[in-house]
2 protein chains.
Amino acid sequence: MSTPDINSWQSVQDEVLRRIHNRIWKPGAQIPNETDLAKEFNCGRTTVNRALRELAESGILERKRKSGTRVALHPVSRAVIAVQIVRREIEERGASYGYALIDKRVGTPPHAVTFAMELAQGEEMLHVRAVHLADGVPYALEDRWICLRTVPQARDYDFAQKSANEWLLENVPYNRATLSILATPASAFEQEYLAVPDKASILHVERATWRDKGPVTFVTISYQPGHRIISTTTS
Amino acid sequence: MSTPDINSWQSVQDEVLRRIHNRIWKPGAQIPNETDLAKEFNCGRTTVNRALRELAESGILERKRKSGTRVALHPVSRAVIAVQIVRREIEERGASYGYALIDKRVGTPPHAVTFAMELAQGEEMLHVRAVHLADGVPYALEDRWICLRTVPQARDYDFAQKSANEWLLENVPYNRATLSILATPASAFEQEYLAVPDKASILHVERATWRDKGPVTFVTISYQPGHRIISTTTS
DNA sequence: ATTTTCTTTATGTCTGCACATAACGAGAAT
DNA sequence: ATTCTCGTTATGTGCAGACATAAAGAAAAT
């Protein structure tokens, strides 16, 4: 064989990627099966399997039993964004973190919220709003609805010191989550608490979480104009 | 053992997740090592390893050689967004796809572009602008700079029929990519071609790609107001 | 006390082998 | 021709055993 021993799953992956990038294996074309590749690379089939499995997960290859493996025609690359507590986000930028509770009250959530949480209307929930500060300047607004049926202990917790963002993460585990990113002009509320001009363009991240079948919370994080969400590179 | 045989990596993962959700294993706490878990679940260590490895990749567990495995204190959950060609995006919504080239010319890109592509200034690049239509209505604008040094064949390609988006993906492979999401008020250009009112809030996705060391392209996709980027759920 | 070296431990990976499972396609039964 | 059955094939997964490697902690040397 011209290729020297390629006997780590990482090096197999590298070689496969090289062949795809160099069009030795063209988009849509089938590649040799695992057994043959293992023979060529002089390694175990398990090793080849792991290399190819990961590439399939990342969308570069398409695999089907019996049919074999082919190079994806229109690779759907997956951009991964890290979702973490806002305090961490701010601290990672090297800024000092500050937090202020705006209000906390029980009420009936608007349609948009019950819809996103897959709930019928009318149920009372806890509404918590707060502002996260970076070096004393408003960095993001948190507008959160907490389901009191799933998280009754939230009613009595005072969110003045610790943000609901952190409190929930530490105390209420979740199973399932959705995330959605959108842009809107700044609302009057956002204008006031983010201290931005009229009609500024605000980036929002909406996130709903569930614990088993029970809805936990729905939150909108609204960032200062100019904020960017940056994806860590994949493939 | 109280637990019946758990001998697929998927079921091991489920059981581990169950214990984390039920606080049997608390955030920050160490969990038994692979060998012990394999014994308890009556399966091979390989199986446990795969289950735990995946959970570590998804940020739920933190693993370190010798130290062992612990439940992440502040899990950084990873939201995955699918990045694909705009035509597919539109077709998946059940709309008919349309495309129109706005202009194509050679010029010097602005600072923002050369910065994102990690280039010095002054190099001439191909600037292509186009609009993608869903059911005849503007869906997104594509504003793209193509590096003629890396992709010289782009100069002579006529982007009137096929969008640069698709042409590049089919003809110029890339290794590395960055992605960034932001919101801005609609520019005059966007107002005109997206047919939106003054000061509308536009969601942009910026993406730069490289082939080995060579910059390939930098593109901004600007969506209609109200557009959402939705993440596929992870764990 | 500080630094260096060694041992121990848990994870990381590779291997060969086995069997499970999806799915294509040939051939039989209708 | 259509439907059904079944063998073939490639991927998916499980296992035991082995060695590699990072890293914490103990022991030894300075």
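Here is how names work: the chains are called A, B, and so on, in the same order as the sequence lines, proteins then strands, and each is numbered from 1.
- OP1 or OP2 of C/dT15 lies within a sub-4.0 Å distance of a side-chain N or O belonging to A/T47.
- Among the protein residues, A/R45 comes within range of the nucleic acid bases, having at least one heavy atom under 4.0 Å from a base atom.
- Contact check, B/N49 against C/dG12: a side-chain N or O comes under 4.0 Å of OP1 or OP2.
- Between A/W210 and A/Y174, the distance separating the two ring centers is not shorter than 6.0 angstrom.
- Listed by chain and residue number, nothing satisfies the ring-ring contact (aromatic ring centres under 6.0 Å, His included) test with A/F218 (two or more places apart in sequence, or in another chain).
- Residue contacts for B/T69: at a heavy-atom cut-off of 4.0 Å it reaches the sugar-phosphate backbone alone, with no base atom in range.
- Of the two residues near DNA chain D, B/K66 and A/S67, the one whose nearest nucleotide lies more 5' is A/S67.
- For DNA chain D, the span of nucleotides reached by chain A at under 4.0 Å from its heavy atoms goes, 5' to 3', from D/dT8 to D/dT13.
- Distance B/R50 CZ to C/dT13 P: 13 Å, rounded to the nearest Å.
- With hydrogens and angles left out, the side-chain atoms of B/H74 and A/Q84 include no donor and acceptor closer than 3.5 Å.
- Looking at B/E15 and B/R18, a side-chain N of the basic residue comes within less than 4.0 Å of a carboxylate O on the acidic one, giving a salt bridge.
- Comparing A/K64 and B/P32 by the nucleotide of DNA chain C that holds the closest heavy atom to each, the one mapping nearer the 5' end is B/P32.
- Nucleotide C/dA23 holds its P atom 18 Å from the CG atom of A/N33, rounded to whole Å.
- In this structure, CH2 of A/W9 is placed 8 Å from P of C/dC14, rounded to the nearest angstrom.
- Comparing B/R53 and B/G68 by the nucleotide of DNA chain C whose heavy atom lies nearest to each, the residue mapping closer to the 5' end is B/G68.
- Contact check on A/E54 versus A/R50 returns a salt bridge, with a Lys/Arg side-chain nitrogen under 4.0 Å from an Asp/Glu carboxylate oxygen.
- For the pair B/E118 and B/R176, the salt-bridge criterion is met [side-chain N within less than 4.0 Å of a carboxylate O].
- As judged by a 4.0 angstrom heavy-atom cut-off over every strand, A/T46 is placed among the base-contacting residues.
- Ion pair B/R78/B/E57 not flagged as a salt bridge, since none of the NZ, NE, NH1 or NH2 atoms sits closer than 4.0 Å to an Asp/Glu carboxylate oxygen.
- Spacing between atom CD of A/E54 and atom P of C/dC14 amounts to 11 Å, rounded to whole angstrom units.
- The separation between A/F41 atom CZ and C/dC14 atom C1' is 16 Å, rounded to whole Å.
- In this entry the distance linking NZ of A/K39 with P of C/dT15 reads 15 Å, nearest Å.
- Backbone-only engagement by A/S8 is indicated by non-hydrogen atom pairs under 4.0 Å involving sugar-phosphate atoms exclusively.
- Between the CD atom of A/E34 and the P atom of C/dA18 there is a distance of 17 Å, rounded to whole Å.
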